[in-house]
Amino acid sequence: AEDPVPNPQPSPGGDNDPAVENYSACYNPELYKTGAVEVGVYNVDPSAQGIAPFVETNTLRVLGGTTFNGQSVNVREFHQETAQSSTTLYFYFTLDAEAGVYSDYGSSATIAGQEFQFINEPPRETVFDIGLNETHRTSYTTRVNGTSAEALYENTFLGIETVEVPAGTIEACKVRSRLLEDGVVVADDIEWYGVGTGVMVKAVSPGETNPIAVVELQSSTLNGQSLY
């Protein structure tokens, strides 16, 4: 029989205690280990844009070490399937597992037969040690096939709350993510990540007041073992 997949739980009184209200409660390094396969099935409702709701399946596989833009990194394949289309991207990253810092060096994809390479210099950081209502900011230059922009990425931890989605009633970290390029906001989303699992369980864009898209988790597995 296969060994069960580790599913880290918050430790009472430690940094991962939900009562402490820290984003690290939703940090799961198992997601980023070589060989990890995370599969999430989501209900997507973009009806505010006049688009019918649909279901998407996202499969993320950590393939191991490689070189990207001259840097030694790990690569994570992201494959998205819907009834109408499929997309595959590759994300290049490093993880300081002890500190809980994910560094995003960029990504690559083939779109309509053309290869695209997105490079972040320096790498864009996601830091999990963020206190309640605190914001972590990282500035970098983003380059895409010869064009560039000055970017600012912000993560604000808004606390831990109970979220009801098709996958169940889940305790989750609520995070606001904003991305600006050359001073223009290009993304402003609210996302919820499961306590102890790090899996995205819900997202609204561009915010909670009048979202044009709502994404909710239907089911999730890690290395074949059910998380939700």
Side-chain angles (χ1 to χ4, degrees), residues 5 26-42 44 54-97 99-128 138-153 155 175 177-181 186-187 189 191 193-194 197-201 203 205 213 215 217 219-225 227:
V5 174
C26 297
Y27 167 55
N28 183 1
E30 298 295 325
L31 299 177
Y32 308 104
K33 289 185 175 180
T34 298
V37 180
E38 176 193 350
V39 180
V41 180
Y42 292 89
V44 183
F54 60 91
V55 175
E56 68 181 24
T57 300
N58 298 334
T59 302
L60 297 99
R61 303 175 186 271
V62 182
L63 304 180
T66 188
T67 301
F68 178 77
N69 193 36
Q71 303 291 322
S72 295
V73 296
N74 294 309
V75 58
R76 197 181 194 202
E77 179 189 73
F78 173 84
H79 183 73
Q80 185 176 86
E81 286 273 355
T82 71
Q84 290 77 31
S85 64
S86 66
T87 305
T88 301
L89 299 91
Y90 297 90
F91 293 95
Y92 303 94
F93 73 95
T94 58
L95 178 72
D96 184 332
V101 179
Y102 176 96
S103 298
D104 176 4
Y105 287 76
S107 60
S108 63
T110 301
I111 303 172
Q114 183 178 357
E115 292 186 4
F116 287 85
Q117 190 174 74
F118 305 83
I119 297 173
N120 301 329
E121 292 182 326
R124 183 174 83 179
E125 289 186 344
T126 297
V127 174
F128 289 91
T138 180
S139 299
Y140 58 99
T141 300
T142 179
R143 294 192 285 117
V144 184
N145 288 24
T147 65
S148 65
E150 296 306 307
L152 174 65
Y153 181 62
N155 261 3
V175 181
S177 298
R178 296 178 77 237
L179 176 61
L180 295 84
E181 293 184 355
V186 296
D189 304 325
E191 300 163 333
Y193 293 88
T197 67
V199 170
M200 192 188 80
V201 298
S205 177
V215 180
L217 182 68
S219 65
S220 173
T221 63
L222 177 59
N223 301 337
Q225 303 293 319
L227 296 178

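This is a predicted model, so every value here is computed, not measured.
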Quiz item: Atom OG in Ser220, atom CD in Glu38: separation rounded to 0.5 Å?
Solution: 5.5 Å
Quiz item: Heavy atoms, side chains only, cut-off 4.5 Å: are Glu150 and Thr141 in contact?
Solution: yes
Quiz item: Are more than 12 heavy atoms from other residues, nucleotides or ligands located less than 6.0 Å from atom CZ of Arg178?
Solution: yes
Self-check item: Inter-residue atom distance Leu222.CG - Leu227.CG, 0.5 Å rounding
Solution: 5.5 Å
Quiz prompt | Interatomic distance, Phe118 atom CZ to Asn69 atom CG [nearest 0.5 angstrom] | solution = 14.0 Å
Practice problem: Examine distances only and state if a side-chain atom of Asn223 and a backbone atom of Val37 form a donor-acceptor pair shorter than 3.5 Å. | Solution: yes
Practice problem: Check Phe93 against Tyr32 and note the closest heavy-atom contact, atom names and distance. | Solution: CZ-O, 3.8 Å
Quiz item: Can you name the closest pair of heavy atoms from Ser139 and Leu152 and give their distance?
Solution: OG-CD1, 3.5 Å
Quiz item: How far apart are the closest heavy atoms of Asp189 and Ser205, and which atoms are they?
Solution: OD1-OG, 2.8 Å
Quiz prompt | Value rounded to 0.5 Å, distance of CD1 in Ile119 from OG in Ser148 | solution = 11.0 Å
Practice problem: Apply the test side chain to side chain contact (heavy atoms under 4.5 Å, CB included) to residues Val215 and Met200: give CA-CA distance (whole Å), side-chain angles for both, the deciding distance (0.1 Å), then the verdict. | Solution: CA-CA 9 Å; Val215 180; Met200 192 188 80; 4.1 Å; yes
Quiz prompt | Pairs meeting criterion salt bridge (charged side-chain N to carboxylate O under 4.0 Å, His left out) with involvement of residues 106-116, two or more places apart | solution = none
Exercise. Report the residue from Thr59, Val55, Thr221 that forms a side chain to side chain contact (heavy atoms under 4.5 Å, CB included) with Val41.
Key: Val55
Self-check item: Euclidean distance, Gln117 CD relative to Thr110 OG1, rounded to 0.5 Å
Solution: 11.0 Å
Exercise. Can you label the angle between the Tyr92 ring and the Phe68 ring as parallel, tilted or perpendicular, going by 30° and 60°?
Key: parallel
Exercise. Could you list the residues that satisfy side-chain hydrogen bond (donor to acceptor under 3.5 Å, both in side chains) with Asn155, not counting sequence neighbours?
Key: Tyr153, Ser177
Quiz item: Is the Phe91 ring parallel, tilted or perpendicular to the Phe78 ring (thresholds 30°, 60°)?
Solution: perpendicular
Quiz item: Can you list the residues that meet the side-chain hydrogen bond (donor to acceptor under 3.5 Å, both in side chains) rule with Gln80, with sequence neighbours excluded?
Solution: Glu56, Asn58
Practice problem: Please lay out, stage by stage, how Glu77 and His79 fare under the test side-chain hydrogen bond (donor to acceptor under 3.5 Å, both in side chains). | Solution: CA-CA 6 Å; Glu77 179 189 73; His79 183 73; over 6 Å; no
Self-check item: Minimum heavy-atom distance Asn120-Asp104, with the two atoms named
Solution: ND2-O, 3.2 Å
Quiz item: Taking all atoms of both residues into account, what is the closest heavy-atom pair of Thr197 and Leu31, and its distance?
Solution: O-CD1, 3.6 Å
Quiz item: So which heavy atom on Asn145 is nearest to which on Phe116, and how close?
Solution: OD1-CA, 3.5 Å
Quiz item: To the nearest 0.5 Å, what is the distance between CZ (Arg124) and CG (Leu179)?
Solution: 6.0 Å
